[in-house]
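For reference, the structure is listed below as structure tokens.
All ligand and atom numbering here is 1-based and tracks the order in the structure.
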Amino acid sequence: MGIVKQSRGERGIPSPLTWAAGVASVALGAGLADLIAAPWAPGAGPFVVIGGALIDLAPSWAKDTAIALFGTADKIALLVGIGLVVLVLAATAGWLQARRPPWGLVVVAAFGAIGGVVAMTRPDAGPLWWLPSVLAGAIGAVTLWWLIRMLRPAPALTPLPATSSADQAVFGPPVEQPAPSRRAFLVWSGAATAAGILAAVAAGAIRAGSSAVAAIRDVVLPAPRVAAPPVPASAELGIPGLAPVITPNDSFYRIDTALIVPTVDPTSWRLRIHGMVEEEVELTWDELLALPLEESRTTLACVSNEVGGTLIGTALWLGYPIRELLARARPTAEADMVLSRSVDGFTASTPLEALTDDRESILAVGMNGVPLPLEHGFPVRMVVPGLYGYVSATKWVVDLEVTRFDRARAYWTDRGWSERGPIKLQSRIDVPRKAQGLKSGDTVIAGVAWQQQVGVAGVEVQIDDGPWQQAELATAISDDTWVQWSLPWKATAGDHLLRCRATSKAGEVQTEDRAHPAPDGATGWHERFLTVFD
Ligand SMILES: Nc1nc2c(c(=O)[nH]1)N[C@H]1C(S)=C(S)[C@@H](COP(=O)(O)O)O[C@H]1N2
Ligand SMILES: [Mo]
């Protein structure tokens, strides 16, 4: 009887308790490791490392799907996804440790070690980046060992209390009374989970209070030497629901591979221009701000933008022409590309010509009158009119390597995207906004159209397969920005299909052919179905 009870006790730790033990251990390990990493290497936290590696390894269809499903919330979705997987793995490790010791410990420690190895492969890894993940594994394993040990029955067995059949009817089959060790287990595993979560929150607070975050508040941008002319009043149609012609910073789309926003202290920021140049150039933050800065309004667009999508925005940028810096460095005659690199390892391949011709390709420090927000590249990013962001708009930029397309490849080129990314002619319907709820009567159809560097000559709208009608174009700020358009419409009750297409100043009519964003940008006409009520 004693023997039987003993083996029941060993095997009979209820599974939910073993799962809880696993989750508590991993939460404590990962949370503490994140906290330890936060002050000196925010990117070395275990979740950041794994998440960053997943982003870099993800095939481009996965990136497409993530952006299509979650838009700019793709990173939150990824973190939630990783969290769920880790939760399941942690619970499994707890179960294993109870059923097949010491395999639970081995699994937890092994994941820590794998995290450490992955950390060292990160492009921005420092020599000790393996440490937080390995610590996470070690802390997790020790905690798991200890929690599961707490659940094992003491060698001296307490007899089962007598139960009556009436009890059984109410409470189900007889169960072991919670032993004191089980109560202690619940307290300690709860405490470990809470401590892990608190540590992760504290890590977030430390990251948010980093020197770059403090510095951004102190930055005072110089006045531009060349100011942008005011936005013509007729550029903004002011139609409710229509994208404003200048996009406020807090609603500007954000796309990047950075799971946590890189924080670069401007006082230690340096830009190096090197490679196929006569002379290497290095630039500090103070030197950059002392240069004659110029203002320009440019529409930035993401290659992943679907037809009708919102991964596009226009801002007033303040910066210094890259052309001037390249003139100092003097690229050699064979060079045809500049590989720009961000502090977190992201790279973009920009045709040299787009950085040396007379367009406003700049190292930007300001966005809509304030220093670049952290998530838009503080302290310095590139802005190049006419090219999709992935081949030109490097945020947190620290390095420009003058090279050749046949010698170097950029981040997204390695993942199947085109090495060059000129922006395609596109137009979008913003209003009427909703597919339903529009009352019949006089209303307006309105939207935006763009092809930076080329310019938009006109937009046409088609209603229910009727004739194409010329929309009225607002005044364009320049050929480097999108332009608003509108068309009055007497909406009749019933179902309708609206389409729009733009014509460029080069005479190109926006193609009807549907293309996916990959490998070099979506094409096709934006369509909107709607039901109009009486
Ligand atoms: N460092 C870095 N810069 C980057 C990226 C990135 O992943 N990392 N993504 C690029 C892409 S794909 C786009 S579309 C633009 C988006 O700029 P935004 O987030 O300021 O709108 O940034 C570009 N610059
Ligand atoms: Mo992009």
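For atom 17 (O) of ligand 1, the closest non-hydrogen atom of the protein is R381 NH2, 3.1 Å. Protein heavy atom nearest atom 7 (O) of ligand 1, with residue, atom name and distance: T257 N, 2.8 Å. Counting protein heavy atoms only, atom 9 (N) of ligand 1 is closest to I255 O, 3.3 Å. The protein atom (non-hydrogen) at minimum distance from atom 10 (C) of ligand 1 is G389 O, 3.8 Å. The closest protein non-hydrogen atom to atom 2 (C) of ligand 1 is F346 CD2, 3.3 Å.
Geometrically, R341 does not engage F346 in a cation-pi contact, judged by NZ or CZ lying under 6.0 Å from the ring centre and within 45° of the ring axis. A cation-pi arrangement is absent between R407 and F405 under the rule of less than 6.0 angstrom and at most 45 degrees off the ring axis.
Neither side chain, W317 nor S296, offers a donor N or O lying under 3.5 Å from an acceptor on the other. Donor-acceptor pairing under 3.5 Å is recorded for the side chains of R499 and Q462.
Here's the thing with H376: one of its N/O atoms is less than 3.5 angstrom from an N/O atom of ligand 1. Between Y253 and ligand 1, at least one N/O pair is under 3.5 Å apart. Close N/O approach between C302 and ligand 1 is not found [any backbone or side-chain N/O within under 3.5 Å]. Residue-to-ligand polar distances keep W396 apart from ligand 1: every N/O pair is separated by 3.5 Å or more. When only interatomic distances are considered, the shortest N/O to N/O separation between A393 and ligand 1 falls below 3.5 Å. Residue D256 has no N or O atom closer than 3.5 Å to an N or O atom of ligand 1. For ligand 1, the polar-atom distance check against K395 finds a nitrogen or oxygen pair separated by under 3.5 Å.
Taking every non-hydrogen atom of T394 and a distance limit under 4.0 Å, the qualifying atoms of ligand 1 come out as 3 (N), 24 (N). Each of the following atoms of ligand 1 lies closer than 4.0 Å to a heavy atom of D344: 1 (N). In the vicinity of F252, heavy-atom distances shorter than 4.0 Å reach the ligand 1 atoms 21 (O). Counting the atoms of ligand 1 from 1 in the order shown, those under 4.0 Å from a heavy atom of S342 are 1 (N). Those atoms of ligand 1 that come under 4.0 Å of a heavy atom in Y390, given as number and element, are 11 (C), 12 (S).
Of all the heavy atoms in I312 and Y253, the pair that sits closest is N-CD2, 3.3 Å. Closest non-hydrogen pair, P248 versus P244, comes out as CD-CG, 4.2 Å. Considering every non-hydrogen atom in both D344 and T257, the closest pair reads OD2-OG1, 4.3 Å. Minimum heavy-atom separation, V402 to P331: CG1-CB, 3.9 Å.
In this structure, R122 pairs ionically with D56, as a charged nitrogen and a carboxylate oxygen lie closer than 4.0 Å. Ion pairing between a basic and an acidic side chain is recognised when a charged N comes within 4.0 Å of a carboxylate O; R297 and D480 show no such pairing. Contact check on E460 versus R501 returns a salt bridge, with a Lys/Arg side-chain nitrogen under 4.0 Å from an Asp/Glu carboxylate oxygen.
Within the 4.0 Å heavy-atom criterion, the part of L300 lying near ligand 1 is the side chain and not the backbone.
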